[in-house]
Amino acid sequence: MKKVFNTLSALLLIQVAAYAQQPANRTSATKIADVLAQQPAEEINKFTAAMKELQNFTAEDVANLLAGLKPQGGNNAATEYAANSYSFYVMQPGMEAQREVFSKGLLLALDRLQDKDNKGFVLQLMRQASKNEAIDALIPYLKDEYLVDKAAMALNGIRTPEAAQALSNALASSASEKTTIAIVGALGDLRSKTDEEAIIATLAKYTSENYQRNAYTALSKIAGTKSAPVFLAKLKEVNYQFDKTNIGGLTLDYANNLLDEGQQKQAVSIANVIAKEAAKAEAPTLQVGALILLTKANPAKARKQLMKAAVSNNPLYRAAALDLLAENGTDADTKKLIGTLRKSSPEVQESILNYLADEGTEALVPDIKKSWSSLKYTRAKIAGLNTLSKLSSDGSTDYLISELPDADETTTQAIEALLLSSKDPEVVEKINNTIAGANTKTQLALLKVLATRTNANSSKVVLPLLTVSDNNVKIAALKALPNVVDTEDVDALVGVLANTSESDARYVQEALVIALKARSDKDAKINQLAVETSRNPSPTSAKLFPVFAGVGGEESLKTVEGFLKNNELKNSAILALANWSNPEALPVLIELSRSERVNEHFGAIFNGLIKQINASDHTNEQKTLLLKDAFELAENATQKRTVLSSLQATGTYQALMFAAKYMDDKDLKGAATNTALNIATDSYDFIGTDVRNILNKAMENLTGSESSYLREAIVRHLTEMPTGEGYLSIFNGTDLTGWKGLVENPIKRAAMSPKELEQKQAAADKKMHDNWKAINGELVFSGEGDNIATVKQYGDFEMLVDWKLDPNGKEPDAGVYLRGTPQVQIWDISRTNVGAEVGSGGLYNNQKDPSKPLKVADNPLGEWNTFKIRMVGEKVWVWLNGELVVDNVTLENYWDRNQSIFPVEQIELQAHGSQVWYRDIYVKELARKETYTLSEEEKKEGFEMLFDGNDLDKWTETPAYEITPQGYIRANPDAKFGKNLYTKNEYSDFVYRFEFKLTPGANNGVGIRTPLEGDAAYAGTEIQILDNDAEIYKNLKEYQYHGSAYGIIPAKREGMKPIGEWNEQEIRVQGDKIKVTLNGVVILDGDLAEASKNGTLDGKKHPGLSKKSGHIGFLGHGSEVFFRNIRVKKL
Amino acid sequence: MKEKNTSRRDFIKKSLIGAAAFTIVPRHVLGGKGFLAPSDHLTKGIIGVGAMGRGHFKYAGTKTVAICDVDTRHLALAQKALGGGVTEHHDFRELIQNPEVDIVHIATPPHWHGIMAVEASRSGKDIWCEKPMTRTIGEGKKVKEAVAQHGNIFRLNTWFRFDANFYGMNVPVKKIKKLVDTGMLGWPLKVTISKHTGFDWKFYWVGKEDLPIEQAPKELDYEMWLGPAPHKPYSTHRVHTTFRGYWDYDGGGLGDMGQHYLDPVQYFLGKDEESPVTIEVDAPQQHSDAVGTWRKITYTYADGCQIVLDGAGTEEGLAYIEGPKGKLYKGFVSDIPDMERKLAQYPDPAPQMTDFVEACRTRQKFALNEQNGYYSATLVNLGLAALRLNRTLKFDSDKQVFVDDEAANRLIDQPMRGPWII
């Protein structure tokens, strides 16, 4: 259980001293192992529990935890998770005491760790969680060339005057550029005023650009008054140009920081120098910075300069000035800017107008309009229109429209955009009112607006334009139509449609669909159109087909389908069906895809088919069947790829396996790989060898820039995939390997002698080969002969199988026998004389339990169907084409109705009187819940079953342990501590037998003669259960090995099976004698009294040794362990 | 310097600084395609020409004249892709100083973005920066200040707020913004970014613990690659295509895809000058070095709007946007009857400046710039902080600091390794 480690490690002396003060029994090493075993925590409650446990750590414990760090690349993750998270955790309000303890531990660790990168990790933790208490310890590292950066970062994180002082002191004695850079950088971040002169002094010492940039940055942040001449001299030296020391920008930063600290005079003086010299040196970047600073320092004084800059021909400078004016200018300034428009350059005009759009008011609109004639430049004009639109409460809509007749193309587009986004609520109404009487150019522009922005009256003005002579206007009106159409326009549009050219018809059709859909009497109106169309078919009738396709509905579909028989209109009908707006046309598209393979429109049919399969509300299993059918019809690689891609969304195992078949096909491998890998990685239900092979293959196939990421994702998925097998194919598609002929029934077979059975089997196998064949990857039954059976026997399982009946067969019928017993029914549902109308999938031969399926989910006769069958114990579930048709129903034993179904038997496919096809047969075996019973010998000896897999009636209640579906007791790692599982009864001398299975690093224990409360290892005695080969337990003492009487008598480290396998153990206790046998190996055989007479090995008191009787328990501790088949005998 | 507001929800009262809505007629309106004659081409220099940087060659309107990388293999690949003849630099500062270069593209891992953007800003050049804008909130503030101080034009390299159909929505974000602005969905809104709403958080970008120490290849200047990041021994998985899995350089899938997904949401929620006030996480414990996965991150703004990043994707049937009056699902499907026809009655959102070259010429802010980009990068960085700390964080949107959480606040300004400093 908890006490894994003892103190006799390298840190013995220090630790002993520390432990002496601990109230708890737990040792440092134990606490550490406990915390590490929980890293990383998946859920928040577990995370919090681990953090809480760390709160019990002393500084020594923290240091010991970090002492476990191995050189980089070693197995450090658990320690890193724990320490890093805790460093954040202790920074929360109210946790100062814990933080201090943690920080002290970090100091100890920093001192003791030898590896530089491990020290570096501790410095990172200090950066995150340390405060002043850490400063002294950090100072020496400021001289360490390798660690100086991290030490400086840690002081930077501490960010107190004391940290700055430490850096100051270090600067004085810093001997190299490297250490000086780190120290100066941190001093800059800490704004350490006292170091200004010392840093200035270093500028002469270290002249590299790197150093200079770093030091000037620090000085700019510190913003002391002595730096000013240094900055200005350097700036002059580079002639106000940009250089690698960044001196220009840093001087501005410096001056701004001076200003922020109230050194206005000095800041302004620097800015003035920069403003003047940068202008001379043509460095607008610096001019901008200086102007901003001067404005900030004294807006009133800077205004004149701003106004001048606002009309500067340098766009950078001008833009900055206008930005500043926006906040600091007056109304008079704004007016003055309008006044400059006339004599400004076009670029300046544009800038000013854009400025006015943001900063002007409606009162300025007349002035702006007055200067209109001076705007010659298109971009300036557009800016002006934008401004007018923005500033006027009516959006200047009329003005914008009135500009259209004379506008060039660019301006026209700009006006359209302005009308579209105009906030004028009347904008559409104004357009409606203008359009009829406007010239062509205006009409074209306004129709373009109406194609996006409209109101209820727009259709009335657009409709008449559909018949004007100007073709451009007509087309613009057509394009606007879908957006403006009104529900009342249907009849008019039907008329228009008849007279519209093929190429323009789509706009009218689109508008009709929208109008019809919005009508409350939609169905009646469609009926009316349908009747008219069907009654008087004409070549123009076809123009309505896309309308029916767009609106959809039963009547529409019936109408268009009707025209499939009309030779002249058939292809139009086909195209409409292929483009049908919802999946209701799927059945007819399936038919067409088979019947019209030579049609010139097969491509359209195929695309429509796939689209509708994808959009349908069929189950994923049904979609998979339909897509597999479509794949057979595909004419080219593009169509096949479409199918393979569509399979992805079904997420079915069958789709995965289907796609995987094409991962080597040169034309299809991309789509196949993509689908297979996405299905496989989206589900952890799909496991086992086949899935692993597919994913490995996918990794080989991946190319392109994202492939390294995808490969990482696959590797991760494979690592996390549960072990064990999933679905296995039991039909290889080419022969009958794994199958055998049927001999009688299970009861009769059991009664046969081996020889008799062998003979009969040989005969049956011969017959099987006559009647069952592997043809084209399908398992085909001829219609004569007996069932085919799996060689293997199955207990609990899930099975997938596709099947198809013969539409021409006599009484089509088949079935799947589960555990040698009839049957999951398959039949032609039209055979009402035998009751087949209930559908396939039912447990047909049941008499007491339901024999009928819950619903009919069969596909039409002759089409493929798919079953998923689950059988657990005597219960059966069946899904037919993805629909649950049998839900948790007992399968009765047909061969002997007095007994339950056989626990294991073969699976059979039924022979009936007609041909049947099967394919894609997969079986996944399910772990079975086993109920254990005492052996005859144990019964005789007087053993009692304590846990047989079903209930914990003989045990105390605790949420820390649960029964798994397989019938094991599982120690739940998410449970809190101290909730052990005890027998209700007490035992004194006894033999205790059980099986257990470990997970990596697992830790548990058997308590003997324990009370229900207290620490069982001391208040009773604990027989250790432990994965003692795990890395985190590497420093184990021998009396902590698995099987030891914890702290008292060591066990031999022998006999344990590999992790994940079941072990058998027996603990025999009689008086003081104790014997532990693991998988037949005696690993402990000793005397508790003898072993403890001179004190126990762990030096602790074990009052439990004097107990003569007590409970037996499992002493859980946050790790996952499984137990089963638990027996006890009192001696 | 005032913050220009390009996306204000003008029907929602806000108590922010009083700048009027800033609107620009889009570039395509002004000149149409092919507006620039070849001789007018602005030039660009690209820092970082790994897979991401080489993607920058194709961005329209500018011509690549210089490239920079600390791995000579990248330079060779880039030269080959460009047909040769492009100036090569090893030190990004030389590229920034190169007088041939008008615009500096930053396509390095994020731990370099802040330094390089500030450096380019101080040089007076315009900047095109990869997402996420910066790796820390503090570096983002510094970029914002530098660009303001020097008058540069800055664009962040994600485009969904103004261009292209937005992942699973099949429509441009403009249309989503229009819908939100109409108020048809009501207010406040909850936006869920999940594989069921069209945005799959695939966790390709996780790091590894216990990386082996390896010899850095001779072609790579590893010290310069690390730059401001703390020194750690070289391991192949740290660098190049897999660096996103380490906190020192980025933040996993949230770092890589976060700003793509979050920036448009910030835009249509009208949160371009505001940060959320709480950030909640549901995630496994994170490692000190390697970025892990997460299940859910929830951002809540002061007005109740929420952005939920559903990493686990366990909840199906969620709306992309959920409001008290209506919902919008993947593919721009809504439960509001006749939504499209209703939408046609409303004005379009204000046009945005979407042509970078035009923005540079006229010195107008680009649609996605250092200011709104700062806020969407901050969304990413807030999420990353909450993940690393594994607890709910409270944030003061005005002061841009965490409330009562010194550990989180220490992540805002993370010190750099000398000689790098920002």
Side-chain angles (χ1 to χ4, degrees), chain A residues 40-42 47 72-73 75-77 80-81 84-85 88 91 93 117 128 149-150 153 156-157 181-182 185 189 210 214 217 242 244 246 248-249 252 285 288-289 292 315-316 319-320 323 326-327 358-359 379 382 386 410 413-414 417 420-423 453-455 483 518 705 708-709 712-713, chain B residues 1-2 19-20 22-23 25-26 29-31 51 93 97 119 122-124 146 149-151 202-206 209-213 230-233 241-242 282 284-285 287-289 338 341 344-345 347-351 362-364 388-390 404-407 410 415-419 421:
Chain A
E42 188 64 26
F47 175 76
Q72 177 86 14
N75 186 11
N76 290 331
E80 288 164 351
Y81 272 108
N84 182 63
S85 292
F88 292 134
M91 294 293 274
D117 292 311
Q128 288 163 187
D149 293 309
K150 286 171 182 148
M153 287 184 202
N156 205 334
I181 279 184
D189 282 343
N210 272 346
N214 182 71
T217 306
F242 176 74
K244 280 194 194 169
N246 286 3
L252 283 167
T285 310
V288 167
I292 293 169
L316 192 72
D323 260 354
E327 278 182 16
D358 287 347
E359 307 301 332
R379 290 216 302 247
I382 290 171
N386 180 38
T410 314
Q413 286 178 34
L420 277 177
S421 59
S422 172
K423 296 289 191 304
R453 192 173 180 181
T454 183
N455 72 14
N483 198 46
S705 65
S708 63
Y709 292 140
E712 294 275 335
Chain B
M1 186 101 181
K2 75 164 181 168
F22 179 82
T23 53
V25 175
V29 167
L30 298 172
R93 291 168 295 185
Q97 277 190 307
E119 188 103 2
R122 286 171 177 161
S123 80
Q149 177 162 290
H150 299 291
K202 290 209 182 245
F203 289 103
Y204 303 153
W205 304 270
V206 288
E209 306 120 356
D210 301 326
L211 288 180
I213 299 184
H231 175 84
K232 284 181 183 162
T241 56
T242 41
D282 174 17
Q285 181 181 0
H287 184 250
S288 53
D289 185 39
D338 211 12
R341 280 168 59 81
Q345 320 259 343
D348 278 357
T362 60
R363 314 312 297 172
Q364 298 175 82
R388 292 177 75 172
L389 271 53
N390 205 12
D404 288 339
D405 201 321
E406 194 186 337
R410 285 191 185 191
M416 292 182 168
R417 184 172 73 125
I421 184 169

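In the text below, chain A, chain B and the rest are named by the order of the sequence lines, each starting its count at 1.
The two residues A407(B) and M91(A) come nearest to each other via the heavy atoms CB-CB, 3.5 Å. In plain terms, the two heavy atoms of T285(A) and G124(B) that are nearest each other are OG1-CA, 3.2 Å.
Judged purely by atom type and a 3.5 angstrom limit, R363(B) has no side-chain atom pairing as donor or acceptor with the backbone of P315(A). Judged by distance alone, with hydrogens and angles left aside, the side-chain atoms of K150(A) form a donor-acceptor pair with the main-chain N or O of H231(B) at under 3.5 Å. The closest donor-acceptor contact from the side chain of Q72(A) to the backbone of P233(B) lies at 3.5 Å or more, if one exists at all.
Looking only at heavy-atom pairs under 4.5 Å with chain B, the residue among D117(A), N210(A), T217(A), D189(A) that has the most is N210(A). With chain B as the partner, the residue from N455(A), N483(A), N75(A), N246(A) showing the most heavy-atom pairs under 4.5 Å is N246(A). For the set R341(B), Q97(B), Q285(B), the count of heavy-atom pairs under 4.5 angstrom toward chain A peaks at Q285(B).
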Practice item. Please step through side chain to side chain contact (heavy atoms under 4.5 Å, CB included) for the pair Q128(A) and R410(B), ending with a clear verdict. Key: CA-CA 7 Å; Q128(A) 288 163 187; R410(B) 285 191 185 191; 5.6 Å; no
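The contact between P230(B) and chain A is made by backbone and side chain atoms together, counting heavy-atom distances below 4.5 Å. Y81(A) touches chain B through backbone and side chain together, each having a heavy atom under 4.5 Å away. Both the backbone and the side chain of T454(A) come within less than 4.5 Å of a heavy atom of chain B. For a residue to count as touching a neighbouring chain, one of its non-hydrogen atoms must lie under 4.5 Å from one of that chain's; by this rule A41(A) touches chain B with backbone and side chain alike.
The ring-ring contact (aromatic ring centres under 6.0 Å, His included) check on H150(B) picks up nothing, with sequence neighbours excluded. Qualifying ring-ring contact (aromatic ring centres under 6.0 Å, His included) partners for F242(A), counting only residues two or more places apart in sequence or in other chains: none.
Looking only at atom types and distance, the side chain of E209(B) has no donor-acceptor partner in the side chain of N76(A) under 3.5 Å away.
Under the 4.5 Å side-chain criterion, counting only non-hydrogen atoms from C-beta, P284(B) is not in contact with P40(A).
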